[in-house]
Amino acid sequence: QVPLVESGGGLVQTGGSLRLSCVDTGRTLSTLSMAWFRQAPGQEREFVAVISPNTHDTTYADFVEGRFIISRDNAKNTVHLQLNAVKPEDTALYYCAAGAFNRMASAYTYWGQGTQVTVSA
């Protein structure tokens, strides 16, 4: 059973906002860093953002340019990714992951099944 379940994806217009959520259904990952990755059709999976478990330190991919915000609520076993000022190139399947604080996908042990974000021009 996949312990991470994403939601909140959908169709949004360019310049709009969307809030993605990821729930740790197993309630066992609160000591791990939580990250968001994304994968567009025909592209490799790429890092978006990560947040540490206790101090909530964050790191973002360069393409974010201040538009996205990652946050977590350990009491609710949830991590969010607020997408603002979205662009058509943000269209992708967004994945939640749990593991070490890192930009590399290989550092993450647990993955959700993804939630689709589509940005219309």
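Remember, predicted model here, so these are calculated numbers, not experimental data.
Contact between Ala92 and Arg38 at its shortest, heavy atoms only, is CB-CB, 3.9 Å. Between Ser120 and Thr14, the closest heavy-atom pair is O-OG1, 2.7 Å. For the residue pair Tyr110 and Pro3, the shortest heavy atom distance occurs at CD2-CG, 3.8 Å. The two residues Asn84 and Ser17 have their closest heavy-atom pair at OD1-OG, 3.0 Å. Taking all atoms of both residues into account, the shortest heavy-atom contact from Phe47 to Thr59 is CZ-O, 3.5 Å.
Side-chain contact between Pro53 and Arg72: present, with at least one pair of heavy atoms (C-beta onward) separated by less than 4.5 Å. No side-chain heavy atom of Glu89 sits under 4.5 Å from any side-chain heavy atom of Phe63. Looking at heavy atoms from C-beta onward, Asp24 lies in side-chain contact with Leu4 at the 4.5 angstrom threshold. A heavy-atom distance below 4.5 Å is found between the side chains of Thr91 and Gln116. Contact of the Asp90 side chain with the Arg67 side chain is registered, since non-hydrogen atoms from C-beta on lie closer than 4.5 Å.
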### Stepwise side chain to side chain contact (heavy atoms under 4.5 Å, CB included) test for Thr115 and Ser7
CA-CA 6 Å; Thr115 185; Ser7 63; 5.5 Å; no
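Hydrophobic clustering (side-chain heavy atoms under 4.5 Å, transitive across Ile, Leu, Val, Met, Phe, Trp, Tyr) keeps Met34 apart from Val23. Using a 4.5 Å cut-off between side-chain heavy atoms of Ile, Leu, Val, Met, Phe, Trp and Tyr, with links allowed through other members, Leu81 and Leu32 fall into the same hydrophobic cluster. Hydrophobic clustering places Val79 together with Val64 (ILVMFWY residues linked when any side-chain heavy atoms are closer than 4.5 Å, directly or through intermediates).
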Side-chain donor-acceptor distances from residues 95-108 under 3.5 Å, at least two apart:
residue : atom : partner : partner atom : Å
Asn102  : OD1  : Met104  : N            : 2.7
Arg103  : NH2  : Tyr60   : O            : 3.4
Tyr108  : OH   : Ala100  : O            : 3.0
Tyr108  : OH   : Asn102  : N            : 3.2
Tyr108  : OH   : Asn102  : O            : 2.6

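The CG atom of Asn77 sits 8.5 Å away from atom CG of Leu29, with the distance rounded to the nearest 0.5 Å. In this structure, Ser30 OG and Asp73 CG are separated by 11.5 Å, a value rounded to the nearest 0.5 Å. A distance of 8.5 Å separates CG in Leu20 from CZ in Phe68, rounded to the nearest 0.5 Å.
Other residues, nucleotides and ligands place no more than 12 heavy atoms under 6.0 Å from the NZ atom of Lys76. Under a cut-off of 6.0 angstrom, the local environment of CD in Gln13 is sparse, with at most 12 non-hydrogen atoms contributed by other residues, nucleotides or ligands. Heavy-atom neighbours of Glu44 CD from other residues, nucleotides or ligands within 6.0 Å: at or below the threshold of 12.
Of the possible polar contacts, one joining the Ser52 side chain to the Asp57 backbone as a donor-acceptor pair under 3.5 Å is found. A donor-acceptor pair is defined here as one N or O able to donate and one able to accept, closer than 3.5 Å; no such pair exists between the side chain of Gln113 and the backbone of Glu6.
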